[in-house]
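Structure record follows, encoded as C-alpha cells.
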Amino acid sequence: MSYSTADSLRTVTPDDVRGAQKMLSGVARTTAMEGSRYLSRLVGQPVHLKCENLQRTGSFKLRGAYVRIAGLLPEERAAGVVAASAGNHAQGVALASSLLGVRSTVFMPKGAPLPKISATREYGAEVRLHGQVVDETLAAAQEYAARTGAVFIHPFDHPDVIAGQGTVGLEILEQCPEVRTIVVGIGGGGLAAGIAVAVKAVRPDVRIVGVQAAGAAAYPPSLAAGRPVALQNPATMADGIKVGRPGDVPFALIGELVDEVCTVSEDELSAALLLCLERAKLVVEPAGASPVAALLSRPGAFEGPVVAVLSGGNVDPVLMQRVLRHGMAAQGRYLAVRLRLTDRPGALATLLGVLSGVEANVLDVSHIRTDPRLGLTEAEVELQLETMGPEHCTEVGRALRAAGYTVID
C-alpha cells in the first residue's frame, strides 16, 4: 500500500505514540541516557547517548513489533505471525510474540550470524533459513504469509510499528527536556519517523538529523525525487540500516518532519563503534553507532544539547573483531611495515630491539626468502604493529630508516 504525506500524518499521530507508550509499560525498558564527556568536548556542546542497545533483545525493535502484534484481531493472532530479518527485527518479533502468546515464524538468511539465529529461537520463534540475501528471505516470508494466512510483520513500513518506535522520542523528551538536536540512524526509516512524530508535536524547535551509511543511502536520492527510490546492491557493514528502499509510511513522515539526512563512511562507522566501546564502555553494532559517526565526522554541525540514539547492540563477535581492527587501523593504531634486512642469525632480534625502543608492539611477523628480487643474503620481513596513533607511526618509520633498514612502501 502506498501512503501520501497527509495519509501518513493521519495514520501515525502523537496520540498513537502515547498510546504505544502505555501499551509497552512493563514490556520495554526505559533505557538509560548517558552523558559522553569525550563527545561533548569534541562537539563543544553537551552530548547524551540514548542506550537502546541495552533494550530487551538488544535493540529498539521490540517496541514496534510488540505494538503491531498486540493490535492484531483475535483471528489474526490465531493465524500466527511471520517476519523476515537478519537479526534485530527477528528477535523483536520473537519475544513480542512469546509475550503475547502468538505463534511466530521468522525467516532468516542462511548466512545470518549464529548468535542471532540462536537468540531468535530462544525467544520462542520457529526459525527457517532461506536465501543468501534478505530480499530472498523476505520473498519467502511473504509467500509463507500468503499460503498460511499468517500475518506478515513488516520491520518498518506500518503505522503501528512506527508508533512503537516513536516511544524512544517520548523518553528522550522526559530524560533530556532541554534537547536541541536528536541524531538517529536510518535504514527503512521506522525509528526516525516515530521519533519525529513524537518529538515535533511537543518541541517543533528540536532538530532531527537522520544518518545513513554512504553505501546504503536510499533516502537522499528518494527525498530529492519526492518518492521512495530503490538502490541497487546497497553495501555496508551496518546491516541494521542496510535497506535498499525507504518504506512508504516512514518516507512520508521523514520528508515532512526530519530536518536533515546525512551519510557516514565505513571508516567513520568503525571509529564510532570503537569509541563507544573504549570511551562509553558500551557494545554497539555499526548501525547503532551511526549517530556517533556523524558527530565524529562533523562535530561543529550540531546544536546542543545533542542526543545520539544508539539503536542496537547485537553485533556478531566475528564482525566486532573485524570492525575493531578496521577502526584501529583507521585511527593509525595499526601499522603494516615491509622491509629488507640481512639474512643472518640475530638480524630479527636487532630489528625487534629497534621497535621496542620506540614502544611499537609487534603483533605478527612473516619472512620472505624466495622472492627473485632479493639478493642472496637478503630476506624480506613483514610486520604487523600496534601503535599509539599517526604520530607514533611516523616515529616508527623514522627510527627504522635511521637504523639503516630499507622500508618498502
Side-chain angles (χ1 to χ4, degrees), residues 11-32 50-108 116 119-127 141 145 150-172 174 184 187-195 197-198 240 247 249-250 288 309-314:
T11 44
V12 186
T13 69
D15 284 342
D16 293 331
V17 181
R18 286 189 286 270
Q21 188 176 46
K22 293 178 181 178
M23 188 180 295
L24 289 167
S25 177
V27 176
R29 295 172 181 150
T30 299
T31 51
K50 177 60 172 167
C51 300
E52 280 296 289
N53 59 311
L54 302 180
Q55 184 57 261
R56 296 177 71 178
T57 74
S59 88
F60 71 96
K61 289 288 190 178
L62 171 66
R63 297 174 184 262
Y66 187 91
V67 173
R68 172 76 173 101
I69 297 169
L72 296 177
L73 298 172
E75 57 269 29
E76 291 175 318
R77 290 196 187 196
V81 300
V82 61
S85 169
N88 289 347
H89 180 58
Q91 294 172 67
V93 168
L95 179 57
S97 299
S98 294
L99 294 173
L100 291 164
V102 176
R103 184 179 70 257
S104 64
T105 303
V106 176
F107 285 77
M108 303 182 75
K116 294 185 178 183
T120 303
R121 285 183 173 137
E122 288 168 7
Y123 286 129
E126 176 189 348
V127 174
V151 179
F152 179 69
I153 307 300
H154 200 284
F156 51 82
D157 203 10
H158 192 279
D160 289 348
V161 172
I162 293 171
Q165 320 304 30
T167 59
V168 175
L170 295 180
E171 291 179 15
I172 290 172
E174 293 166 1
V184 55
L191 177 60
I195 289 175
V197 169
V249 184
V309 181
L310 308 182
S311 59
N314 291 319

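Numbering of residues begins at 1 and proceeds along the displayed sequence. The analysis underlying the following values was restricted to heavy atoms, covering all of them including side chains, and did not include hydrogens, waters or symmetry mates.
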Test log, rule side-chain contact (heavy atoms from CB on, under 4.5 Å), inputs Leu99 and Arg56: CA-CA 12 Å; Leu99 294 173; Arg56 296 177 71 178; 4.1 Å; yes

For Phe107, what residues pass the ring-ring contact (aromatic ring centres under 6.0 Å, His included) criterion, not counting sequence neighbours?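 Counting only residues at least two positions away or on another chain, Phe107 forms a ring-ring contact (aromatic ring centres under 6.0 Å, His included) with Tyr144.
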
Partners meeting ring-ring contact (aromatic ring centres under 6.0 Å, His included) with Phe156 (sequence neighbours left out):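 With neighbours one apart ignored, the set is His154.
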
For residues 86-97, dump all side-chain donor-acceptor pairs below 3.5 Å to protein atoms at least two apart in sequence or in another chain.
| residue | atom | partner | partner atom | Å |
| --- | --- | --- | --- | --- |
| Asn88 | OD1 | Asn314 | ND2 | 2.7 |
| Asn88 | ND2 | Glu285 | OE1 | 3.3 |
| Asn88 | ND2 | Glu285 | OE2 | 3.1 |
| His89 | NE2 | Ile153 | O | 2.9 |
| Gln91 | NE2 | Gly87 | O | 3.4 |
| Ser97 | OG | Val93 | O | 2.7 |

Determine whether Asp16 and Pro159 make a side-chain contact, defined as any pair of heavy atoms from C-beta on separated by less than 4.5 Å.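 Answer no - side chains too far apart.
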
Pairwise distance OG1(Thr120) to CD(Glu126) - rounded to 0.5 angstrom: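 Between Thr120 OG1 and Glu126 CD, I get 12.5 Å after rounding to 0.5 Å.
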
Would you give the length of the straight line joining atom OG1 of Thr57 to atom OH of Tyr66, rounded to the nearest 0.5 angstrom?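 Between Thr57 OG1 and Tyr66 OH, I get 14.0 Å after rounding to 0.5 Å.
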
Tell me which donor-acceptor pairs under 3.5 Å the side chains of residues 73-84 have, and how far apart each pair is, sequence neighbours excluded?
| residue | atom | partner | partner atom | Å |
| --- | --- | --- | --- | --- |
| Glu76 | OE1 | Leu73 | N | 2.8 |
| Arg77 | NH2 | Ala70 | O | 3.0 |

Thr31: which residues meet the side chain to side chain donor-acceptor pair (under 3.5 Å) condition with it, sequence neighbours left out?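 If we apply the side chain to side chain donor-acceptor pair (under 3.5 Å) test to Thr31, skipping adjacent residues, the hits are Lys50, Glu52.
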
Set of side chain to side chain donor-acceptor pair (under 3.5 Å) partners for Thr167, sequence neighbours left out: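 So Thr167 forms a side chain to side chain donor-acceptor pair (under 3.5 Å) with Arg63.
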
My understanding is that only residues two or more places apart in sequence, or in another chain, count here; which of them pass side chain to side chain contact (heavy atoms under 4.5 Å, CB included) with [X]?
X      : value
Ala193 : Ile162, Pro250, Leu253, Ile254
Val161 : Arg68, His158, Gln165
Ser98  : none

What pair of heavy atoms forms the shortest contact from [X] to [Y], and how long is it?
X      : Y      : answer
Asn53  : Gly313 : CB-N, 3.5 Å
Ser311 : Leu191 : CB-CD2, 3.9 Å
Ala20  : Val67  : CB-CG2, 3.8 Å
Ala192 : Val184 : CB-CG1, 3.9 Å

Would you list the pairs meeting salt bridge (Lys or Arg N to Asp or Glu O under 4.0 Å) in which at least one residue belongs to residues 18-32, sequence neighbours left out?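 Found Asp15-Arg18.
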
Pairing residues for Glu122 by the salt bridge (charged side-chain N to carboxylate O under 4.0 Å, His left out) criterion, not counting sequence neighbours: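 Partners of Glu122 by the salt bridge (charged side-chain N to carboxylate O under 4.0 Å, His left out) criterion come out as none, since no residue qualifies.
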
